[in-house]
2 protein chains.
Amino acid sequence: MNIGQVAKETGLNAKTIRYYEQIHLLQPAKRAANGYRDYSEQDLETLRFLQRARNAGFNIEECRQLLNLHQDKTRQSQHVKALVLEKAEHVATQIKELKIMHRHLLQLASLCQADEEPNCAILEELSEQHDTQEDKRHA
Amino acid sequence: MNIGQVAKETGLNAKTIRYYEQIHLLQPAKRAANGYRDYSEQDLETLRFLQRARNAGFNIEECRQLLNLHQDKTRQSQHVKALVLEKAEHVATQIKELKIMHRHLLQLASLCQADEEPNCAILEELSEQHDTQEDKRHA
DNA sequence: CTTGACCTTACAGTGACTGGAAGGTTTATG
DNA sequence: CATAAACCTTCCAGTCACTGTAAGGTCAAG
């Protein structure tokens, strides 16, 4: 199967698939007589695995680990779970930080008259040292 | 004031300050006789403004706009507010996506026995096509 | 025979820095 | 006065996960 077809089937960009090969996340694909990459059903499954793992928020290094565990017949499932839970915690932290940022932005916006005058409390807030709610929360 | 001192006072890395100059986010700093960058109190304020804006989640391009508005005496405050609200919405979207990812990860983790056996429902989940809650939500 | 849709490689660019090399300057100490 | 450390300078490369572009080879249809 040519790379374009594989791209369609997996939802990955053809460029992305070549890139995964380049960084050795994937074994080099077999080549047809004309030099085109030729993918097997097995390759397709690996690619789909990667697509889902990336989609679930794992970065390339984590995908590499997951793929190794996936292909390791002597793996222990607790290792897989540990990886997933660690990732979940990381995502939770990111959510918290973004929520703080979101509150901060809404608070900034609420300060502004939003008219045709140049006076803007947002810019003042960014210019000066203030004890905002956020600052207090972080202190 | 030397760049190292400025870095300490603003919380920005000295490298970052040079980088901001390089991409013309900042005017080139005055130079002392020895060639060292020499910062004024005014420069410090601009840097602090940038530090807070970056910290609030604005990217470099947005910081550039904010800085322009900051220095534009004929600005209209509604333009500033529009920028902030747009950013807030973007952040809200990011939070939603991360929450979906978080639920997905916890669901994955809950499937796994977490023992010394190789059987792992997480890897199965990533290997196969499933109608997960998320898939339904997106459909 | 040509057009267009594929495929190939290789290199550059993204964003926002960070690290490192190679060298000049300043300050503190023996 | 020598030297070491802690600064400063520029320039180039690397990060992450791709994406874009150029320059070219291949294939199927009309």
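Here is how names work: the chains are called A, B, and so on, in the same order as the sequence lines, proteins then strands, and each is numbered from 1.
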- Task: Would you mind reading off the distance between A:Q22 atom CD and D:dT19 atom P, rounded to a whole angstrom?
- Result: 13 Å
- Query: Looking at B:Y20, does any N or O in its side chain come under 4.0 Å of the phosphate oxygens OP1/OP2 on C:dC17?
  - Reply: yes
- Task: Using only side-chain N and O atoms of B:R54, determine if any of them is under 4.0 Å from OP1 or OP2 of C:dC17.
- Result: yes
- Query: How many Å lie between CD on A:Q51 and P on D:dC18, as a whole number?
  - Reply: 10 Å
- Is any side-chain N or O of B:N34 closer than 4.0 Å to OP1 or OP2 of D:dC8? no
- Within this structure, what is the NE2-to-P distance between B:H90 and C:dG15, rounded to whole angstrom? 13 Å
- Query: Looking at the side chain of A:R31, which of D:dT10, C:dT9, C:dT26 is the nearest nucleotide?
  - Reply: C:dT9
- Reckon A:R37 has a side-chain N or O less than 4.0 Å from the OP1 or OP2 of C:dC7? no
- Minimum heavy-atom distance A:R54-A:N59, with the two atoms named: NH1-CA, 3.5 Å
- Basic-acidic side-chain contact under 4.0 Å: B:E61, B:R64: yes
- Task: For B:D38 and C:dT26, give me the distance from atom CG to atom C1', rounded to whole Å.
- Result: 15 Å
- Is there a donor-acceptor contact under 3.5 Å linking the side chains of B:D43 and B:S40? yes
- Task: To the nearest 0.5 Å, tell me how far A:K8 NZ sits from A:N2 CG.
- Result: 10.5 Å
- From C:dG19, D:dG20, D:dC8, nucleotide with atom closest to B:Y36 side chain: D:dC8
- Rounded to whole Å, the CD1-C1' distance (A:I3 to D:dT19) equals 14 Å
- Message: Taking the minimum atom-to-atom distance to the side chain of B:N59, which one of C:dA16, D:dG20, C:dT8 wins?
- Response: C:dA16
- Between B:N2 and B:K15, the residue closer to the 5' end of DNA chain D by nearest nucleotide is B:N2
- Query: Please give, in whole Å, the distance from C:dC17 C1' to B:L50 CG?
  - Reply: 14 Å
- Message: Taking only side-chain N and O atoms of B:T16, does any of them lie within less than 4.0 angstrom of OP1 or OP2 on C:dA16?
- Response: no
- Query: Starting at NZ of B:K30 and ending at P of D:dT9, how long is that distance when rounded to a whole Å?
  - Reply: 14 Å
- Nucleotide C:dG15, atom C1' - distance to CD of B:E61 in whole Å: 11 Å
- Note on the structure: The answer to which of B:Y19 and A:A14 contacts DNA chain C further toward the 5' end, by nearest nucleotide, is A:A14
- Partners of A:S77 by side chain to side chain donor-acceptor pair (under 3.5 Å), sequence neighbours excluded? B:D115
- Query: With sugar-phosphate meaning primed atoms plus P, OP1 and OP2, does B:I23 contact a base, only sugar-phosphate, or nothing at under 4.0 Å between heavy atoms?
  - Reply: nothing
